[in-house]
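So that the names make sense, note that chain A is the first sequence line, chain B the second, and so on, each numbered from 1.
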Amino acid sequence: MRAAIITFPGSNRDGDVARALRHAGAETVAVWHAEDSLPPGTDLAVLPGGFSYGDYLRCGAIAARSPAMDAVRAHAASGGLVLGICNGFQMLCEAGLLPGVLMRNAQLRFVCRRQHLRVERNDTAFTSAYAKGQVIDVCVAHGEGNYIADPDTLSRLEDDGRVAFRYCDAGGELTPEANCNGSLNAIAGIWSPGFNVLGMMPHPENLIDPLVGGTDGAGLFDSLCRAKADAA
Amino acid sequence: MSADTVTITEELVQEHGLKPDEYARFKELIGREPTLTELGIVSAMWNEHCSYKSSRKHLRGLPTSAPWVIQGPGENAGVIDIGDGLACVFKMESHNHPSFIEPYQGAATGVGGILRDVFTMGARPIAALNALRFGSPDHPRTRHLVSGVVHGIGGYGNSFGVPTVGGSVGFHSRYDGNILVNAMAVGLAKTDEIFYAKATGVGNPIVYLGSKTGRDGIHGATMASASFDESADEKRPTVQVGDPFAEKLLLEACLELMASGAVIAIQDMGAAGLTSSSVEMGAKGNLGIELDLDAVPCREEGMTAYEMMLSESQERMLMVLEPGMEEEAQAIFRKWELDFAVIGKTTDTLRFVVKHQGRVEADLPIKELGDEAPIYDRPHEPTPPRPEIAAEDIRPPLRDSEALIALLNTPDLCAKNWIFEQYDHLILGNTVQTPGGDAAIVRVEDGPKGLALTTDVTPRYCEADPVEGGRQAVAEAYRNICAVGGRPLAITDNLNFGNPERPHFMGQLVGCIRGIGEACAALDFPVVSGNVSLYNETNEIGILPTPTIGGVGLIDDCARHATIGFRRDDDVILIIGETRGWLGASAYLAEICGREDGAPPPVDLERERAHGGFVRAAIAAGRLDCVHDISDGGLAVALAEMAMAGNMGASIDTLPDGPSHAVLFGEDQGRYLIALPEDAAQALIADAQTAGIFVMKLGRTGGDALILPDNQAISIEALKQAHESWLPEYMAAEPA
């Protein structure tokens with residue numbers, strides 16, 4: 001698994017996701033946002049968390065128009081895997097690679113806390129190491145993670161089974177208290193129609209170590225490395 | 001406002017915060033009338049904030065060295081050796097005055113400033129902490145200030161990408177007119193790649209880096225060196241505006257530039273901006289500095305030399321570069337889309353020369369601007385000792401269980417989740433202990449080492465007895481680090497006091513420094529960096545004396561650390577350290593009895609050291625993993641916190657001798673609560689007895705309630721309800 005991690009001015013979880021991928025056995029390459037192509041042999045393009053361009057204008061809006069995003073778009077169009085976490089999810093929505101938008105959290109405050117997620121399906125390149133319906137304990141850290149889409153888009157996402165993760169409580173129930181930002185249908189992450197592009201607000205990359213909160217995030221990166229191995 | 005059209009009047013001198021004798025001294029030094037720019041420069045260099053003129057005499061007495069100290073006070077931050085070729089770089093600094101006037105930007109730029117101090121030395125920041133003090137919750141402004149300050153700290157730190165891992169928050173009416181925002185940053189560097197502010201070499205280029213210079217923050221340092229009155233709001237234009245995005249770029253660009261070998265000296269532009277940074281670089285290196293302001297990147301047109309020299313625009317750096325490496329350096333800064341300009345050179349004249357539009361706007365002796373700043377030995381009165389209060393003289397107004405619930409629901413002792421959930425405390429993936437423990441633990445890179453970090457002070461003790469309060473602040477930091485298994489290495493101190501021109505407040509400063517010094521010496525816990533914030537006074541009401549201590553300790557193996565929550569059913573709960581039931585100046589006395597009198601609990605530094613060493617050794621040996629220090633609210637509050645954190649109750653059947661309310665809520669120092677399985681407990685008791693350390697069995701863990709003697713049971717749910725409800729309810733309520 002060869003992962004290209006795009007660093008934008010203001011990215012700050014690029015190192016965290018690189019560490020998680022290496023931990024799972026992937027090779028990582030840092031790509032500067034001004035590059036207009038991905039390194040040869042890239043399997044996975046990663047848009048990391050952070051505050052690209054200071055979140056000025058709108059979160060992810062400026063990054064979505066950078067040269068490297070054209071390369072990511074081309075990679076996705078040819079079926080390549082793309083993972084956008086937090087600010088990366090916001091970029092994917094701004095770039096039109098995923099539908100909907102991430103608004104300010106309903107409580108109007110930044111939220112950093114441990115968060116349970118329900119894994120909605122495990123027959124994808126991103127989630128095969130989890131069980132369907134499994135509840136995982138990861139974390140969130142964002143001010144604009146409130147997923148909103150128009151009713152048609154939302155029902156298409158639901159009908160196509162493209163919701164990847166939902167905010168839930170420890171028992172897997174979708175309660176208002178467990179929904180940390182007010183997202184519609186408790187959506188924490190969604191796929192593109194081809195299931196090769198995943199955008200998610202939570203941070204699995206910070207939960208890969210028993211000493212630092214647990215290992216429930218590692219499954220995502222293990223799944224990706226396994227997907228590459230299976231494809232080979 | 002050109003230099004040669006302005007006559008320097010007495011009024012103008014006063015507006016610049018210079019006393020008549022200081023101005024006379026300055027005129028004598030330069031042998032003529034100064035220009036307006038020169039007056040601005042000297043006012044910036046000789047104010048309290050930059051010159052430490054009231055405190056310097058007393059700060060000299062603090063212990064600042066130890067075999068592991070690489071750099072003590074006097075640089076941008078302190079540096080200690082943590083082994084494996086790594087150094088920990090850290091400092092705490094206040095941003096009190098600006099945060100009261102404009103809480104979001106004041107707090108945000110406080111965080112920005114301290115992060116810059118750390119990465120200026122070549123260290124990548126790995127953790128941030130803070131210590132906040134607000135006025136009474138009933139004060140109409142408090143809610144707005146809490147909201148703005150917390151939002152500002154989060155807004156800056158989250159975007160910059162450093163985990164905010166700990167801190168302390170307190171409320172008291174004495175902070176109604178002057179809140180405290182003390183921000184601490186901790187970074188990692190290689191021991192042989194530390195960068196300093198001292199310029200070397202004549203004729204080397206001086207380079208300006210980072211954001212452009214605007215008109216914000218002019219006279220910020222002077223504002224921070226004066227008391228407030230009703231017109232404090234009018235000072236809003238002196239508050240700087242932060243841009244964490246620019247700071248993140250500056251961090252990456254600086255570290256990349258440092259790695260290239262081009263940097264001789266570096267200094268961030270903090271208080272008094274371009275003036276202070278260039279004077280300090282020259283004075284430290286025994287060199288002159290010549291600046292050409294025409295080259296300074298400006299945000300606005302028509303800025304005068306005076307404005308440029310006093311601007312406190314954020315996210316700017318000054319460097320002395322190796323000659324011939326300008327182009328390489330410039331390429332790095334262009335990549336990060338930051339400004340880069342050669343604005344001057346080092347000289348051998350020992351003069352600080354500032355040119356603008358072909359005119360010399362300032363020509364001053366550089367050493368005297370810093371080194372010969374006035375130093376005062378201000379009159380100081382010791383705080384009269386308060387009588388001790390005997391436990392028997394305090395009639396408990398509530399049953400102990402009711403008092404416990406009430407204490408957990410107070411502003412000072414309640415859960416602070418509402419605050420720390422707004423700080424990204426998990427980024428970088430090394431936060432082993434998140435906020436809410438005794439000390440935060442941040443793993444060093446991939447481990448196994450970790451740093452234990454804490455900020456502590458008990459202002460009501462300092463008010464009651466400055467010397468004892470100063471000792472206690474250091475001792476509590478020491479204890480909190482030991483409680484998680486860390487070896488305390490060094491501290492940074494942030495001394496927040498009232499008006500030093502009043503002998504009573506000056507006496508508090510002198511007393512606290514004395515106490516801090518005694519504790520640092522006894523505990524081998526030297527001061528390596530610090531900051532002094534005086535004039536925290538509004539309409540002649542000064543704050544409680546608040547010498548915040550930021551402590552750093554080292555854990556050899558992060559896998560062996562302790563946390564506060566009960567872990568196992570049927571563990572034996574032990575108390576280490578003697579309990580006399582000291583209620584003077586306690587949280588119980590203030591919150592339950594409505595009295596803020598009495599002498600504070602004395603600190604026995606020898607015992608502090610022995611108990612801390614004992615606990616730390618047991619944790620490092622893998623014999624102990626559940627520890628909590630006993631501080632505000634005493635034994636009962638500590639037990640409740642352990643139960644809530646572990647979601648497990650406890651049954652307490654024996655207490656030390658004395659009236660139960662005094663034993664449960666007294667704040668005797670040097671104590672820890674621990675919980676461990678029966679066999680391990682027996683072994684530890686035997687070891688403690690051999691070491692001459694007092695230890696006593698109190699009860700056992702288990703169940704879903706904390707059961708105090710006399711069958712006073714409180715469910716964990718009720719404890720949590722009391723503990724967790726106050727702050728969110730307060731913040732959600734409409735202002736009165």
- prompt: Among G429(B), S159(B), P244(B), which has the most heavy-atom pairs under 4.5 Å with chain A?
  reply: S159(B)

- prompt: Roughly how far, to the nearest 0.5 Å, is CG of N158(B) from CZ of F110(A)?
  reply: 4.0 Å

Parallel, tilted or perpendicular, as decided by the 30° and 60° cut-offs, for the rings of Y56(A) and F245(B): perpendicular

query: Say you draw a straight line from CG of L426(B) to CZ of R114(A); how long is it, rounded to the nearest 0.5 Å?
result: 7.5 Å

Which atoms of N87(A) approach chain B - backbone, side chain, both or neither, heavy atom under 4.5 Å: neither

field: E337(B) portion near chain A, given a 4.5 angstrom heavy-atom threshold
entry: side chain

- prompt: What is the minimum heavy-atom distance between L211(A) and A559(B), and which atoms define it?
  reply: CD1-CA, 3.8 Å

query: From D424(B) CG over to H203(A) NE2, what is the distance, rounded to the nearest 0.5 angstrom?
result: 6.5 Å

- prompt: Using a cut-off of under 4.5 Å for heavy-atom pairs, which of Q433(B), E252(B), E247(B), K335(B) has the most such pairs with chain A?
  reply: K335(B)

message: Counting heavy-atom pairs closer than 4.5 Å to chain A, which one of K248(B), E421(B), R443(B), H425(B) comes out on top?
response: E421(B)

- line: Okay, D16(A) and chain B: the region with an atom under 4.5 Å from a heavy atom over there is side chain

- line: Here the pair of heavy atoms bringing G161(B) nearest to N12(A) is CA-ND2, 3.4 Å

message: Counting heavy-atom pairs under 4.5 Å with chain A, which one of T431(B), V162(B), V150(B) comes out on top?
response: T431(B)

Structural part of H23(A) lying under 4.5 Å from a heavy atom of chain B: neither

- line: Most heavy-atom pairs under 4.5 Å with chain A, out of Y423(B), F420(B), W418(B), belong to W418(B)

- prompt: Between H142(A), R113(A), R109(A), which has the largest tally of heavy atom pairs under 4.5 Å with chain B?
  reply: R109(A)

task: Using a 4.5 Å cut-off on heavy atoms from C-beta on, say whether the side chain of R19(A) contacts that of D446(B).
output: yes

task: Would you check, one step at a time, whether the test side chain to side chain contact (heavy atoms under 4.5 Å, CB included) holds for I427(B) with R13(A)?
output: CA-CA 7 Å; I427(B) 189 167; R13(A) 270 186 165 89; 3.4 Å; yes

message: Please classify the contact of N417(B) with chain A as side chain, backbone, both or neither, using a heavy-atom distance under 4.5 Å.
response: neither

task: Below 4.5 Å from any heavy atom of chain A, which atoms of L428(B) appear? Answer side chain, backbone, both or neither.
output: both

task: Look at atom CG of D704(B) and say whether more than 12 heavy atoms of other residues, nucleotides or ligands are closer to it than 6.0 Å.
output: no

task: Would you indicate whether E717(B), at its atom CD, is surrounded by more than 12 heavy atoms from other residues, nucleotides or ligands within a distance under 6.0 Å?
output: no

